[in-house]
Amino acid sequence: MKSPFLGLNKTNTMKYEPAVIEPKWQKYWEENGTFTVQSRIDGNQRKKYVLDMFPYPSANGLHVGHPEGYTATDIVCRFERMQGTAVLHPMGWDSFGLPAEQQAKKTGIPPRTITEKNIANFRRQLKMLGFSYDWTREVATTDTDYFKWTQWIFLLLYNTWFDPVQQKGRPISELPIPQDLAGTPATEAYRDEHRLAYQIEAPVNWCPALGTVLANEEVIQGRSERGNHPVVRMPLRQWMLRITAYADRLESDLEQLDWSDSVKALQRNWIGRSTGAEIDFYVGETAADDYEQWKTERQKTGFPRKPEDFAHFAAICRLPSAVLRIYTTRPDTLFGATYMVIAPEHPLVENLTTPERKEAVVEYCRSAASKSDLDRTELSKEKTGVFTGSYAVNPATGQPIPIWIADYVLISYGTGAIMAVPGHDTRDYEFAKQFGLPIVEVVQRAIGDGSDSRDGCGYGYGGGSGEGSGEGSGFGGGIEVAFTGEGWAINSDKYNGLSTVEFKEKITADLSQMGVGRKAVNYKLRDWLFSRQHFWGEPFPLLHEVDENNNMTGRCIALEESELPLDMPADLKFDAAHNSPEPPLEHAPDSWLYVERNGKKYKRETNTMPQWAGSCWYYLRFIDPKNGGQLVSPELEKQWMPVDLYVGGAEHAVLHLLYARFWHKVLFDYGIVSTPEPFQKLVNQGMILGETEFTGFILPKEKIVESSFTDYESALKKVAEGDAAWVSVSEISIDRDGYGTLKKDGTKLFSVKLSVNNVGKNGDNFFLKDDGVQDIQVDSRANKMSKSRGNVVNPDDVVVQYGADALRLYEMFMGPLESVKPWSMDGVRGVRNFLDRVWKMIVDVSEEAADGRRQMAAEVQNVPLSVEQNRMLHKTVKQVTLDIQTMSFNTAISRMMEFVNFFLKQEVRPKRAMEKFVLILSPLAPHICEELWQLLGHGGTLAYEPLPQYDESVLLESQVEIPISINGKLRSKITAAVNADEQTLEVAALSDARIAELTAGKTIVKKIIVPGKMINLVVK
RNA sequence: GCCCGAGUGGCGGAAUGGCAGACGCUGGGGAUUUAAAAUCCCCUACCUGUAAUGGGUGUGCGGGUUCGACUCCCGCCUUGGGUACCA
């Protein structure tokens, strides 16, 4: 470090004034590059990569939710540096995004200008909070130098196929081409079908209000996640990323991560892996000969592979009809499959529809297609469907079963067709009831009592025996509800008596043997819709061949790596009335839009990438932010990856984290990154809510007829009837001495005479029992911060009033990092008071000292610590160290409060204790600690001072207080030597006056003595 | 419906099998002050008792395990979040 006092403003203030010392130290850190970290780590220095989820720089500036996670990581970083760890702690901007584009449309100001202004504001605010970022590594996803590499990764994805055998991504040039395609123009089409980035013409979620297409993940119940606008389905050419290829690895690699179970569960849920079986149903005439021939052909050809192949298969088999493949997780219920259902979009709809059913089917499919997702889910109560006229053969029973079309079967999952087992599936049951289809039970929930069917299954698990065994298990009669659990097979021929688990395995094997079924795995995860109709996003490095009328004709080709970055057009006219799914880049100047190459004319791709793209890999760029030739240097990547700690909001628990993991795995397959997973440990900070608001009402006593107002609903009614009035109060308190105070906006509204006797509590509500002048009921609730509620807390205001250290400390003191908690300005005042006391503990704040010379408090002296003081110091150091390691910052702070409470009472405060305290407080409240450190006579920064160590032996006390309980109830306490053995303790306990009194005349049945801890006597 | 989490004073929370309520806020009382602010000290789970080093109750509800349960087990209730015709 450089000269200690260089560039520091001398302050003449005795008082703790954050407004003076905080900017002073921020300037010092910046000028001295205190937190700049060398990319190369020396020798075997320990490394730690601590990452915050970088923010979207919105026009609103920082929200108090941001500093919560940022403070937590900052504490960890500062703590680690003081232990000699090399710490990488960067910050940047996720700066593409819709708001800037919308503002640009409105104002005509280019989005880049808007974004830069917002970034400047965010940067100022973050620096104001004293976070120890290495600002030399700052990146923004909108920087050309940055999105060059986002485009580069896209090209990599484009030029990759997923090899299912090796379970990894490989160069598209290594894709084996089927012989019949080799050398033909179809080769390229075949490759295009296998790329990780591919385009489709498909129904997409078009949101007119936002003017964009949304990913499935961004649509919630038929409405947009952002803004809650209606979303309609319409066909459009789109780019997709084949994330489903990595579903298995994305799921199984979760195991090795140090993430909360809930986030892992969330991701598993989203991936939605299920295992079951695919079963092929013979469709057409039911003649046994045909059926046997069909099975033989199946075994010979191995066809069909995909639903689209079915018709083809029927043709090559020269069979009258086709084959219908379904997916089920319950192959054990095959004997109960009494009909089949295919989705309205299923490729076989036409083939399966008989002439006399055609009209009804066409009509049904048309109405299903016009339904939005919203309609489909909202109308889910009523099942709809139509019979095709065709039948399939249940391979287990050989019986023909009808094939229906219904929109409760989704084309996008499994094979788009199901075998319906109304006896054991709720949806099939509802459908069967509605259309009068047969219901057969094939699973028994428990072995019937008294019956003999127990043979062959000695399993003890399963539903509660005895109870419940009678109801619902009698087949033949109509059942009231489908039993969807596991149990034992009935009505299943030779499989009867098998458990669900056994049955599944057996029948899957048997079907496989017959060539009509096989084990199968399915995922809920869908491919990632990767294109957006925005201007303010990364352009795709792609070109489409066009004819002289600029219509896309030929293939799509990719740019070369050397052509990157592909910048967006400089002068784009925004069409304010733009209200179609057409991308804004369609309006780009021709000079940008059209390219000539090898004598052919090409048009650029006009879709852009979604905001997720830039945030998928930013953690890699921080390692090597200025590398012009590589995304990241392999050597540096190896040193710093993986991210050791990643902190951010739970709202990214699924999408961002899944997308980033997917990209990372592709990079891993190419050896560009060295770890299979990017983020080793993940912590989600809980949301900070607005201040708790109290709503209450006052009910004039005379109008109360009965006490029913203690119930909230009836109180509401009374208010409505005019018998009671609402008040909005910011605070109410009822003390035990007989006065309750009701305040509004900080002003006292009135006091009510109350007493403990007549104040009752019902849940969260107070009420007067009797004798009260008025009855009061108060409802308290903390809400999300929002502009419309007017409860947004601005970090700027808090820093002006209380200082950055106070804000940091308060956010950490509120409660556990991961829980949701309401803001409290009084709480901020509380930690500010603590900082004032810390200051007073060390600095001379007396009148006499106000002559301009700052000095230590007279109590701070260069003397050894007393035993008690030393113990307090070591205890505090120990607790704080452990708490920071487990990120329990709230308790760490409370320990330090105890330290200050203790030492403020000491007439002599050894300087050494003060110094150590300042060091352990410094990760949490760095500014005040730097100042105090300087005042204690040290030069430079304390950022790299070794962290104080604690000595376990100092903590040992010679005497301890031992609680004595009788029958589990605390009755007395004795003081004993810390190492007193059981016998000594027993004697001491029994001779204790109070214990002797309470045990007199009674028998001590048992004595539990835990040396050094407690004594419990069981007395009769 | 399914998956995950939570439920402790007036409030935020602490204690993961051994003294429930640390620490902080709020409220009350006192000191200081001409006064106020600021600061400092004391009290603050509930009921009961004239009193205390008193008695009783108490960690969402009902059971259980244990000498001992906020903590572990079983069954519920409430609540927050995620997800949903995913076969």
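To find a chain, count down the sequence lines: A is the first, B the second, and so on, and within it residues start at 1.
One can place NZ of K504(A) at 10 Å from P of A87(B), the figure rounded to the nearest angstrom. Rounded to an integer number of Å, the gap from CG of D407(A) to P of A84(B) is 17 Å.
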What protein N or O atoms touch nucleotides 39-42 of chain B N or O atoms at under 3.5 angstrom, if any, and at what distances?
| residue | atom | partner | partner atom | Å |
| --- | --- | --- | --- | --- |
| U39(B) | OP1 | N833(A) | OD1 | 3.4 |
| U39(B) | O3' | K840(A) | NZ | 3.4 |
| C40(B) | OP1 | R837(A) | NH1 | 2.7 |

Just the atom pairs and distances: protein N or O near nucleotides 67-71 of chain B's N or O, under 3.5 Å.
| residue | atom | partner | partner atom | Å |
| --- | --- | --- | --- | --- |
| C67(B) | OP1 | K1006(A) | NZ | 3.3 |
| C67(B) | O2' | N1016(A) | ND2 | 3.1 |
| C67(B) | O2 | N1016(A) | ND2 | 2.8 |

> Tell me, for nucleotides 53-58 of chain B in 5' to 3' order, what letter each nucleotide earns: B for a base near a protein heavy atom under 4.0 Å, S for only sugar-phosphate near one, - for neither?
Replying inline: --SSS-
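R994(A) pairs by the side chain to side chain donor-acceptor pair (under 3.5 Å) definition with nothing, not counting sequence neighbours.
Between the side chains of Y364(A) and T384(A), at least one donor N or O lies within less than 3.5 Å of an accepting N or O.
The residues K433(A) and E430(A) are annotated as not salt-bridged, no charged nitrogen and carboxylate oxygen being separated by less than 4.0 angstrom. Between R832(A) and D836(A) there is a salt bridge, since a side-chain N of the basic residue sits under 4.0 Å from a carboxylate O of the acidic one. Salt-bridge formation is detected for the pair R518(A)/D280(A): a Lys NZ or Arg NE/NH1/NH2 atom is positioned less than 4.0 Å from an Asp or Glu carboxylate oxygen.
Side-chain to base pairing of K264(A) with C4(B): no donor and acceptor N or O lie closer than 3.5 Å to each other.
For the pair T891(A) and S894(A), the minimum side-chain heavy-atom distance is below 4.5 Å. A 4.5 Å side-chain heavy-atom check between E859(A) and E907(A) finds every atom pair outside the cut-off. Within the 4.5 Å cutoff, the side chain of R330(A) has heavy atoms near those of the V443(A) side chain. Proximity of M825(A) to V793(A): side-chain heavy atoms (C-beta onward) are separated by under 4.5 Å at one or more points.
Mapping N890(A) and E961(A) onto RNA chain B by nearest heavy atom places N890(A) closer to the 5' end of the strand.
A cation-pi contact links K383(A) to Y408(A), judged by a cut-off of 6.0 Å to the six-membered ring centre and 45° from its axis.
Residues from residues 806-815 of chain A that place a heavy atom under 4.0 Å from any atom of RNA chain B, listed by number: F813(A), M814(A).
Stem regions annotated for RNA chain B: B:1-7 with B:77-83, B:10-12 with B:23-25, B:27-31 with B:39-43, B:45-48 with B:54-57, B:60-64 with B:72-76, counting only runs of 3 or more consecutive pairs of Watson-Crick or G-U type with both contacts under 3.5 Å.
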